[in-house]
Each structure stands twice: as C-alpha cells, then as structure tokens.
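Some notes on the structure that comes next.
Naming convention: chains lettered A, B, ... in sequence-line order (proteins, then strands); numbering from 1 in each chain. This one's a predicted model, so the numbers in the text were calculated from it and none came from an experiment.
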Amino acid sequence: MAKKLKGLSRELIALRVANELEDGTYVNLGIGIPTLISDWIAGRDIILQSEIGMLKTGPLATGDEVDQDLINASCQAVTALPGSCYFDIVESFAMIRGGHIDVAVMGALQINDRGDYAGWSNPARGLFVGNIGGSMDLCAGARKLFIAMEHTTREGEYKIVKKLTYPATAIGKVNKLFTDLAVIDITPQGMVLREVAPGLTPEDVQSVTEPRLIISPDVREMAL
Amino acid sequence: MAKKLKGLSRELIALRVANELEDGTYVNLGIGIPTLISDWIAGRDIILQSEIGMLKTGPLATGDEVDQDLINASCQAVTALPGSCYFDIVESFAMIRGGHIDVAVMGALQINDRGDYAGWSNPARGLFVGNIGGSMDLCAGARKLFIAMEHTTREGEYKIVKKLTYPATAIGKVNKLFTDLAVIDITPQGMVLREVAPGLTPEDVQSVTEPRLIISPDVREMAL
Amino acid sequence: MDKVISSVDEAIADIPDGAVIAIPGFFTCGVPRALLQALIRKGTKNLTLACGCGPLLGAAEEMRALVKNRQVKKVIDSYALYRSATKGMQDPFEQAVRAGEIELEVYPMGTMAEKYRAAGAGIPAFYTPTGVGSVVEETVVTNIEANRAPKETRIINGRKYILEYALKPDYAFVHALIGDREGNLRYAKTARNFNHVMATAARVTIAEVENLVEIGELDGDDVHTPGVYVHRVVKVERPRFAITID
Amino acid sequence: MDKVISSVDEAIADIPDGAVIAIPGFFTCGVPRALLQALIRKGTKNLTLACGCGPLLGAAEEMRALVKNRQVKKVIDSYALYRSATKGMQDPFEQAVRAGEIELEVYPMGTMAEKYRAAGAGIPAFYTPTGVGSVVEETVVTNIEANRAPKETRIINGRKYILEYALKPDYAFVHALIGDREGNLRYAKTARNFNHVMATAARVTIAEVENLVEIGELDGDDVHTPGVYVHRVVKVERPRFAITID
C-alpha cells in the first residue's frame, strides 16, 4: 500500500485530543502534535507538567516575555501562570514515573494493535543510539498514554502496523490513538475504531491501517 | 571485673572530641555526650548537620528563642545561625548515607576492637524492636565515625568488649573512641591507646578494657 | 483546581478501616495533629500508621487515644518507643507492643525515608548500605515473630547492601505552614522533615495548613511540595507542642 | 567556610585528564557555560561528560570546540543529538560518534536523573520500570559495540523492572542564580533541572553563580542546594543563550 487520505490538520488532531482531556487533571505533552494541544486547553482546569521541572506551564512566551530561565521540554520559551511552580529533575521524574501524571500525550513513528509504540529512534538515521529524552519514563509512569500522530507517513506508508520495525519506546502502554483520520482505542481485543474524520468511512481508515480494526458498533464522526 | 576509675566529666569528653574535629568540616552529633560537643565548637568553622533536616544548627534555644518548628534530632529547641538551611528528610539522609558528612560522633553501649559497636537497643528492655533512628545511616555514610562514651558502665562493667552482647549498630565502622579515661584509635591491628586521662596509666585503662590494647609508643595525657 | 475541604473531619471522611496512613513529623515537629484528632473522632479501626521518626511520641495524647480506642493494628517507624525504659513500661503503646496487640516494625530512619521516596517515585526497590551487619540485615525487624522475614543482600563493587522495598501508604496526612488552593505547600524550618516525601508516596494526600493562600501567592521557586502530590487541603489552627518526648 | 574562588580557571585548575564531569542543563537552560569555556581553555583531555538532557546541544559552540580539540572521550546523556538527521550529519559531535571516536551512552532521562540521585544518596543500584520492552532493557545503549552489556531485570509484584546503577562523576559543574560563600545555592525557574542532583552526585562540585551573596542572605527555607554539596563557588556573568537547539 502507499496511499494517503485527506484528514484533519495537525491543529485539529490536537483539538480532538484536547476534547478528550478531563478537567482537574495533570497532563504532560510530548514534542510534535501534542505540543499544539496547549493552545486548545488555555483557560481550562488542566495543569501541564513539563519534564524540565515545571508544573502549570503557561503559553509560549513572545517578545519581552521571553526568559532564558523558563523553557519547556521542547526548548521553547514559555510563560508562567498563577500557581506555576518549579522543581528539580529528580522530582520531575518522580512525578512522572511515580504515577502522578494523569495523561501523557506523545507523538509516534509506529504503533501496533497491542499498544506497543516506537518513537525515539528512526533506524534510517543509522545510529544504534538516539534521543530517548523523557519518553520512556512517561510511558512507564503516566496513568494513561495517548498517541497523537499522522495516520500514515508523508509517503502514505503504514504507521499503524502489525509489527514494529522501529525500536520500541514502550510495550503495551498506549490507551488511545488520535490521528488525522481516526480515534482508536487500544483494548485487550485489539484496536477499536471509535471515530472517523469527516467524510471518511471505517473502510477508508482500515485501508490505511495494517492491523485489522474492530469497528465499534457506535462508530461516529470525530467530535471536534 | 567490676571496677570504676575516676576520669573526665562528660563535658570534658565532649571537649576532647571537639579538639579532634577539624575546621572546615561538616559534623553530625548523636544523642548523649556527642550533643555536648556543640557547646565547645561554638564560633568555630564547623557546620553541624542535624538528621531532622538542618545544616548549620545553632546553640540550644532559650526563652523567646524557642520555636516549635526548629528542633534538633534529639528533640531540643535550637537556634539558627546565619547561613543555616533546611531540607526534607530524604535530602538529609542522602547527605548522611551519600558520604557528605565528614564526621559523625555517636554514643555507644558497647564497642569491640574491630570497630563494631552497639547502641540502638538494650536487650535488658526485653524487646526485639527498638529505636534505630538515624544511627545506622550515620554509620553507613559518615566519612569518619567517632564514639564518645563512658569507658565502663555505671557499675564498672566493661563497655569495651571482646564480643558484643548487645545488638550491633554497625560492623567495623568506628575510627576513634573517646571515653572519660582514654582516646583509642581503631586500626586493622586492633585498638591503639593514644591518650590517657590525667593521672592514669595505660595499665589503668587496660584494667577496665576487655580486649588487649596496643599501647602507642607516644601515648600521652589527653589533650584538653 | 480547588482542593480545599472545609474541615479535617470531612477531609478524612472516606478513610476506611484497615487503611495504611503515613504520619510525618519528627518527634514534636511537623506532626499533622488536627488530622490525627479527626481520625480519633472518626474511630477508624485496624489502622497501620506509617511513620518516620516518632511523631506519635510527639503527639502522645493522640497516640494514647488511638491505642485506648484500639484503632491501631500496626506502626512502622525508626523511633517509636520512649528512650527511657521506665517510661516505656508505663506507656500504653509499648504495653500493646509487648502484648503483641499492636505490631511495631522498625527500620533505620534513612531507609524509612527512602522507602517512601521510592513509593512516590515509582521505584519498587533499592539497595542500601544502611543496617549491614545488624539485625536489620537479617530480617524485617518486628515484635510479631511470625512476620519476621529474611532480607536479601547483594555485593556491589565489593560492598554489601540490603535490598529494601518501596512503602506505599493509602493516605498521607501532612502538616504545612502555607498551602494554596491547588495544594502547593511550603513548610517551616525543621517541620518539613517527612512531610514532603510522604505527600509524594501516598495514593491520597491530605494536607492540613496553618495558612491557606490563594493560587499565585506562593512564588514558584519557593514551593516545597508541588500541588500534583496533594489531593485535599484543609485550614487548621497552628498546633501547640511542648518540645519534649521525655 | 568560604568556598569562593576568584575565577573559573582557578576553580577547575585541578581537573585531570580522564575526569568524569557532570554537566547539568536542559538544552539551553541552566548550562554552566563559563565553566565549560574554562575547560576548553585548560585543554583537559580524555573527558567523560555526564549530562542529562542535551546541555551540549544548548552550549553548541562550546561542544564544537571540545570536539575540535579532541578533549572528549565519552558523553552520557538522554538527548545528545540534533532532532534533525540532516543537521546531525553536519554536526562534528555526531560525526565523531558515527566514527566511533567519541562514545555516546544513552539512558531514559528519568533513569539519568535517578543514577545521579543514587550516587549522591549512597544508593548503589535501584530498580526502575522505565525502558522495559525497549532496547534499554536489553543492553547498555552505546555506539561502541564492545561496551554494550546486558542488563539485569527482575519481576517485583508482577511487574518487570530494570536494575540500574549509580553514576558518580568526579566533578560537577553547576550553574545557579544565587550562591552564598558557603555554597548554598538557589536556581531560577526551569534552570534548576539537573543542577541540584549533579551537585549531590559528584566528588567535587564547582558552582558558577550569577549572584554571589554573603552568608545569611539566603533564607534557610529558600535554599535549593545546601552548601554541604558544594566545594567551590565562583561568580560569573549571566550567560546569554539563544533558546533553540534546531
């Protein structure tokens, strides 16, 4: 297969994830599409944790707001909010690994129907080593793990696969997957298709998804 | 044996230990005679760490100085000094166990010539459990461990023994022993008698010490 | 998020019989006394009180009530008994320990701290040099003989270490000088002691605070316990302690 | 105690070839840039730079100089390469890694943090869930094949964990907003990151501080790193970072 369907923009994938996040929760957003979620939850009762050692991370800083001592884990200047606090890296990862973060949202290169995913290393780079960052800790410790990504590669190759060919970040940890084309639950039975992007059918989504999808009886259009 | 020699007061044992402590060091003082050392080092460039989570513990508080949020590990109200700081218990024991404290001075019920000592539990109390407190951590982590105690029990029984009959606090950790009668180094060869209290001979000290003492060639009167 | 609860009684209303509750405080310093008093009023039974350094010697009145009401099944601590054997013999808690009616399990203080720290940080077990050569190396140290169990040791780089495990309480009671509505806390001086680490360790952390402030009043670099660890905040009067355990 | 040294060059004068130096900083934030520059001037060789999250991407100029001078033998980090493969191909550090001239050993960031924390706290080894199911579970992850070595795992309460070991650097360079003469430090916001834990981990900790204050000017409850961990303090100018690693 090498096929590319037209779906949501990256911003709208982020919106769909934002709609899934509950008020009163602590959330960590990874690099890529997850970072865009912060725009959609501004003003909501959701507190963002940043691996670098910050709770209640505010919007990106611009102009005079920029402070080199206040960045997020993606190396972007951010702002503080009333109630923001700072702590060292050991405390930050105690929070993450210790089960204190309700939801982590991460990007991915590949994911399979058992909730394994790959994100930290692209073998095309030809290096055994790579940038692990905080990804594996978030997988190990967050109460729920969401993946937000494009459904296929730019070339239309499967990213949702039967078997990972990229190095795994974590095994069996993903709860829910949000793409430009669909919302999919990872269940003990496999991938359950819950929502499809406007204008698409479950069959369309299946056609760009390698593992067999279980079509939810109440599958519907994505709630944006 | 049941013999009691007249030696230094508890205050003077504390003074002798104080003279041994070097300027520029971080020191933790245990309960009992060690606590008295703080009076002798006031004004010196020695910083006291207290297990409860304080660095640069000041003298005991009196009158209006008493603050229930400022006590030492012996449950005594203390004062702060310029540069005193506070931290949580995990940090406090990281300091202790992690090798950041130069000297710990502890009391003891028994000690042998291999540097094993007993202090946390008196079997006469008839309990398998007891108060360990911070003693075992200090033994594990302090760079040097000094014991300050009476040479014999009130009844004149050996406290410096061939074999511990009380439950051990630590094995092979004591570097130096200060009593009302003597200063003794614990070496791989055994106990080396370095100093004797005024008016006593090495033979006097040996007579109330169960293991055989190695008399240092330059044994002298205690430096007070 | 507003985590403020209007009373200590309401704040602990859901604690079931059999709960494991972390009680911070170092003797008389930083003990969550108002929450302990609520626990006495509620009468919750079969409790395990997971301590660090003798908070129940510091809050002696509360401990005597808990023992008298037969609310306590077990205490875990590094220093739970009166120093004086004579005083201990007259203490209802020690009497209950001697009679085997209450279990007392003891660890070195740094190991207690590390067990809570591990629980809060997602570390299930760690090696420590503390206690090697003592009975702490040989067994879990408890008055209940049936619960003694050998410990595992390991030589790492030529030194012997004991394997110890995380201790995860169901609840933690903590006492702070200042708390904001989102649960960010700041402690006073040596009253910090076990409060922070127990807040991180428990499934549900309830903070009694002497001063309740609005969100944003605490500077972000001055927070000792980030609010993510704290689930309920309740304003209390500053307690009074006589600074003595003798 | 007065731990103030008059220059960064003097502060690092004793660092021998072959030293393991901890470098804190999270990309461009909280990196001890003045001390790194002194290290370049000194020309110390055969260095192992123990990092946490890409401080050498943040201090790119210094890293390029260190690579060019062939001062670096090994880097330990969780995130040491440019995100962009294209940019990486042009980076002298990545080129040296690809050529096997510099060893790059990687761990998950939380494991890095915990390895330093363990070293500072006297914990030789700990179990962590992080990395289970990934290559991190199978081996030490390094570009030098001969140095790959299997890791030990263990099931505790039904979950699998990896055994990881303490990492004790010879020196730590740290960057603080405020330091007093006795080495008590306070950091600014997210510039705290790896600074505190590395200060605890190293045999010798050297702190560059933007503001040097007299003893007693820092409130005891506001200190982030107690002076016991800090051996040398040196005043530096506030560095300037362009906030980008791309």
**Report entry** Contact class of C:Ile156 relative to chain D, heavy atoms under 4.5 angstrom
**Finding:**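 Only the side chain of C:Ile156 comes within 4.5 Å of chain D.
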Requested in this report: Name the region of C:Tyr127, side chain, backbone, both or neither, that has any atom closer than 4.5 Å to a heavy atom of chain D.
Outcome: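 For C:Tyr127, backbone and side chain are both near chain D.
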Query raised in the report: To the nearest 0.5 Å, what is the distance between CZ (C:Arg154) and CG (D:Leu163)?
Result: 5.0 Å
Requested in this report: State the CZ-CG distance between D:Arg192 and C:Asp221, to the nearest 0.5 angstrom.
Outcome: 5.5 Å
Query raised in the report: By a 4.5 Å heavy-atom criterion (distance strictly below it), what part of D:Asn157 contacts chain C: side chain, backbone, both, or neither?
Result: neither
Query raised in the report: Using non-hydrogen atoms only, which part of D:Tyr165 is less than 4.5 Å away from chain C: side chain, backbone, both, or neither?
Result: side chain
Requested in this report: Specify the closest pair of heavy atoms between D:Pro129 and C:Gly122, including all atoms of both residues, with the distance to one decimal.
Outcome: CD-O, 3.3 Å
Report task. Specify which of C:Glu114, C:Arg117, C:Arg159 makes the most heavy-atom pairs with chain D at under 4.5 Å. Result ->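 Going by pairs under 4.5 Å, I would pick C:Arg117.
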